[in-house]
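Comments concern the structure below.
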Protein chains: 2
Amino acid sequence: MSGSRQMAESTSSVQEQASGSGPKKSGGKGLDAIYRSISAAIIEHRLKPGARLREDALADVFGISRTGIRKVLQRLALEQLVTLTPRRGASVTRPSVDEARDVFEARLMVECGLMEVAAKRITEADIQELRDMAKQEREALRNREQRSAIKLSAAFHARLAEISGNRTLAEFVGQLASRSSLILAVYGNAGHLGCESHDHDNLIELLAAGDGARASGFMERHLKSIEASLSIFEEPEETPDLKDIFAVDA
Amino acid sequence: MSGSRQMAESTSSVQEQASGSGPKKSGGKGLDAIYRSISAAIIEHRLKPGARLREDALADVFGISRTGIRKVLQRLALEQLVTLTPRRGASVTRPSVDEARDVFEARLMVECGLMEVAAKRITEADIQELRDMAKQEREALRNREQRSAIKLSAAFHARLAEISGNRTLAEFVGQLASRSSLILAVYGNAGHLGCESHDHDNLIELLAAGDGARASGFMERHLKSIEASLSIFEEPEETPDLKDIFAVDA
DNA sequence: CGCATCCAGAGCGTATACAATAGAGCCCTG
DNA sequence: CAGGGCTCTATTGTATACGCTCTGGATGCG
């Protein structure tokens with residue numbers, strides 16, 4: 001890696017790149033806003049895993065036709081935030097146990113690896129921005145605004161990944177962070193919501209000091225502690241083993 | 001596999017056969033077939049970077065309406081294989097220099113990391129399958145079927161990642177491998193097409209021996225050698241610096 | 001003769017209409 | 001009264017229609 005290149009406002013991933021010239025109608029820009037809106041609702045747990053997302057209802061809410069909604073839902077499905085079942089429509093994804101493990105394993109690998117890169121590339125402006133984000137997060141926690149806190153925490157990890165300068169990996173981390181929010185919704189214990197904001201502060205200091213190795217190690221413990229805080233039970237399966245469950249009663 | 005220049009025989013035959021007898025049996029499955037068809041065409045360089053993909057034309061070729069085509073194109077866009085420009089339609093992505101670097105950096109991080117996991121989990125069946133794939137690849141190379149070879153090479157890396165058991169990371173690697181094929185199309189030198197099949201054989205042996213560390217190191221050299229073989233020039237950019245170019249004339 | 005403007009064509013973006021299907025409730029029958 | 005089949009409705013899947021924008025060429029004016 002090298003050089004100087006900044007990653008403008010990421011998260012838009014595809015399409016809508018050069019539309020800076022003028023506000024042409026509500027066009028595809030509106031769709032992106034709808035995407036962000038639904039995405040935020042899911043990440044903040046205002047839409048809980050399993051919630052059904054009927055196309056008509058969404059189309060009505062956002063004032064567009066189903067065509068646009070379908071587009072948005074398809075994108076969300078590709079990011080694994082919603083699940084599309086063939087004739088049943090869309091619903092907020094309920095991550096499986098395997099999926100949860102996979103996501104955290106992936107985060108461990110990628111985010112830790114990125115810390116080394118980020119420690120070398122981080123700038124003063126980055127540090128300031130991260131501190132602001134961490135501060136916002138702490139305040140949200142203090143005010144018991146768990147929804148904001150969750151979203152801010154995911155945003156923090158995503159922003160951290162962007163510092164590496166690798167857009168591809170940053171996008172990937174962003175998706176993983178979003179999915180982690182879903183995982184927390186299903187397997188998390190109430191009251192203990194994922195990241196301790198204190199951890200994030202420590203992380204910033206290590207990066208500011210340019211100590212990539214330590215930052216990586218700290219991130220590893222950070223992620224592992226989150227994963228460890230989950231209650232990963234197999235939960236009610238598709239086909240609950242009724243025979244087993246009612247064996248004593250029968 | 002002689003010169004079919006655009007998406008040719010295989011694609012149309014599949015679709016026509018499927019919807020020939022029944023009313024509309026194909027359902028969403030047909031769309032997946034179309035996705036794979038276009039995806040394969042891109043990876044095999046039958047569709048070159050920059051090629052425009054007009055919706056009408058594709059709809060005509062595959063015998064469905066633009067609706068389904070748009071869905072497929074959107075998916076391909078999210079995977080960065082095609083680029084959607086607001087009012088200009090879809091075209092095969094021409095990866096930028098930055099993107100190429102990002103993709104290989106990501107592969108380095110993820111694929112090497114996965115080798116350690118894969119070495120522990122690999123089974124006899126996996127080894128056999130990988131050997132078969134490597135063999136196919138060697139044969140394709142020997143027969144000068146570069147298109148097949150490229151596709152097989154990407155498939156090999158993707159399959160390798162699957163062994164880790166981590167579906168999320170495996171999917172990610174699959175996408176990176178596909179994008180690498182695009183990068184090779186733009187920045188690769190003719191005659192030297194990415195992976196040496198010999199490398200793949202060595203990799204299999206290291207994994208079969210359970211030596212994750214060495215496999216990881218080998219993968220690192222493997223990927224770096226591919227990246228090093230590219231001719232990464234800045235090339236004509238979006239906005240060529242005309243003032244600079246014609247400065248002497250003016 | 002050169003340049004700006006207008007016109008026509010092509011292709012994408014969105015909405016709407018129609019068809020098919022799964023789920024649920026209801027009726028009929030044993 | 002219970003069970004099974006049937007219809008009926010709600011919701012998704014697909015196609016088509018229409019409008020808007022952008023491109024390229026022709027035309028009129030300076």
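Note on naming: letters A, B, ... go to the chains in the order of the sequence lines (proteins, then strands), and numbering restarts at 1 for each one.
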### Length of the line joining A/I69:CD1 and C/dG13:P, which is rounded to integer Å
17 Å

### Task
Give the rounded distance in Å between these two atoms: CZ of A/R54 and C1' of C/dA22.
15 Å

#### Entry: Nearest-angstrom distance from the residue atom CZ of A/R52 to P of D/dA10
13 Å

### Query
B/I34 CD1 to D/dT14 C1': how many Å, rounded?
12 Å

### N/O (side chain, A/R88) to phosphate O (OP1/OP2, D/dA10) under 4.0 Å
no

### Query
Backbone N or O of B/S91 within a donor-acceptor pair of the B/R52 side chain at under 3.5 Å?
no

### Task
May I ask you to decide whether B/R107 forms a salt bridge with B/E227, counting only side-chain N to carboxylate O separations under 4.0 Å?
no

### Query
Are A/K71 and C/dT14 close enough that a side-chain N or O sits under 4.0 Å from OP1 or OP2?
yes

### Query
Which of these passes side-chain contact (heavy atoms from CB on, under 4.5 Å) with A/K71: A/L31, A/I34, A/I64?
A/L31

### Message
From C-beta outward on A/E55, which listed nucleotide comes closest to its side chain: D/dT23, D/dA15, D/dG13?
### Response
D/dG13

### Query
Nearest nucleotide by nearest heavy atom, which residue falls closer to the 5' end of DNA chain C, A/G63 or B/A90?
B/A90

### Query
B/G68 or A/G89: which one's nearest nucleotide on DNA chain D is closer to the 5' end?
A/G89

### Query
Looking at the side chain of B/S65, which of D/dT14, C/dG23, D/dT12 is the nearest nucleotide?
D/dT14

### Query
Under a 4.0 Å N-O cut-off, is there an ion pair linking A/R75 with A/D32?
yes

### Task
State, to 0.1 Å, how close B/R167 and A/D102 come at their nearest heavy-atom pair, and which atoms those are.
N-OD2, 3.1 Å

#### Entry: For atom CZ of B/R70 and atom C1' of C/dA15, their distance in whole Å
12 Å

### Message
What is the separation between atom CG on A/D56 and atom P on C/dA15, rounded to the nearest whole Å?
### Response
13 Å

### Query
A/R87 has an atom CZ; how far is it from atom C1' of D/dT14, in whole Å?
9 Å

### Query
Between D/dA17, D/dT12, C/dG23, which one does the side chain of B/R66 approach most closely?
D/dA17

### Query
Nearest to the side chain of A/T67, which nucleotide is it out of C/dA15, D/dA15, D/dT14?
C/dA15

### B/I64 CD1 - D/dT14 P separation (whole Å)
8 Å

